[in-house]
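Here's the structure, in structure tokens; my notes come after.
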Amino acid sequence: QVQLVESGGGLVQPGGSLRLSCAASESFVSIYTMGWYRQAPGKQRELVARITNGGLTNYPDSVKDRFTISRDNFKKTVYLQMNSLKADDTAVYYCNAIIGPHYFDYWGQGTQVTVSS
């Protein structure tokens, strides 16, 4: 089974920046769409950013202009650069990937991002 290994979470002050990384454990797999989701206490899991294998990106209004998703197809890695962080960004962030040949959904273990002074 493919594993998605996340890193980069932690505690940051409001206005600060953080960069999350997520790498697939098996380099030979074909990854179609990769993305980041987050879940805050008492709320549903929501999309943070998505990027297709062709490089098209999608962001909700809550993070648009502050977060940037990117990917390295050779390393099978997706990144999330988070700038101008707010307290409302506090959540567990989950990496997601749709991987061939069967278009299965894979999820990372989650990494905690806490924005607090």
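Atoms considered below: every heavy atom in the structure, side chains included; atoms not considered: hydrogens, waters and symmetry mates.
- Smallest separation of non-hydrogen atoms from Val5 and Gln109: CA-OE1, 4.3 Å.
- The list of ring-ring contact (aromatic ring centres under 6.0 Å, His included) pairs with a residue in residues 47-79, not counting sequence neighbours, is empty.
- A side-chain donor-acceptor contact under 3.5 Å links Glu6 to the backbone of Thr111.
- In this structure, Asn96 and Tyr106 have side chains that are not in contact, with every pair of non-hydrogen atoms separated by 4.5 Å or more.
- The CD1 atom of Ile69 lies 11.5 Å from the CE atom of Met82; values are rounded to the nearest 0.5 Å.
- Counted by atom type alone, Asp72 and Thr77 present zero donor-acceptor pairs between their side chains at under 3.5 Å.
- Residues Val113 and Tyr37 fall into different hydrophobic clusters, defined by Ile, Leu, Val, Met, Phe, Trp and Tyr side chains chained together at heavy-atom separations under 4.5 Å.
- Cation-pi contact between Arg45 and Trp36: absent, since separation from the ring centre below 6.0 Å together with deviation from the ring axis within 45° is not met.
- Atom CG of Leu20 sits about 8.0 Å away from atom OG of Ser7, to the nearest 0.5 Å.
- Heavy-atom minimum distance, Asn83 versus Ser17: OD1-OG, 2.9 Å.
- When all heavy atoms of Ala24 and Val2 are compared, the pair lying nearest together is CB-CG1, 4.2 Å.
- Counting all heavy atoms, side chain and backbone alike, Ser70 lies closest to Ile51 at CA-CD1, 4.0 Å.
- Once rounded to the nearest 0.5 Å, the distance linking OG1 of Thr52 with CD1 of Ile98 reads 10.5 Å.
- Atom CG of residue Leu85 and atom CG of residue Leu18 lie 6.5 Å apart, to the nearest 0.5 angstrom.
- Side chains of Asn53 and Asn73: no donor on one and acceptor on the other come within 3.5 Å.
- The salt bridge (charged side-chain N to carboxylate O under 4.0 Å, His left out) check on Arg38 picks up Glu46, Asp89, with sequence neighbours excluded.
- A pairwise comparison of heavy atoms in Val92 and Gln112 identifies CG2-OE1, 3.3 Å as the closest pair.
- Ser117 contributes atom OG, which lies 9.5 Å from atom CG of Leu11 (distance to the nearest 0.5 angstrom).
- One hydrophobic cluster holds both Leu4 and Phe104 under the rule that ILVMFWY side chains link at heavy-atom gaps under 4.5 Å.
- Taking OG of Ser116 as the reference point, atom CD of Gln13 lies at 8.5 Å (rounded to 0.5 Å).
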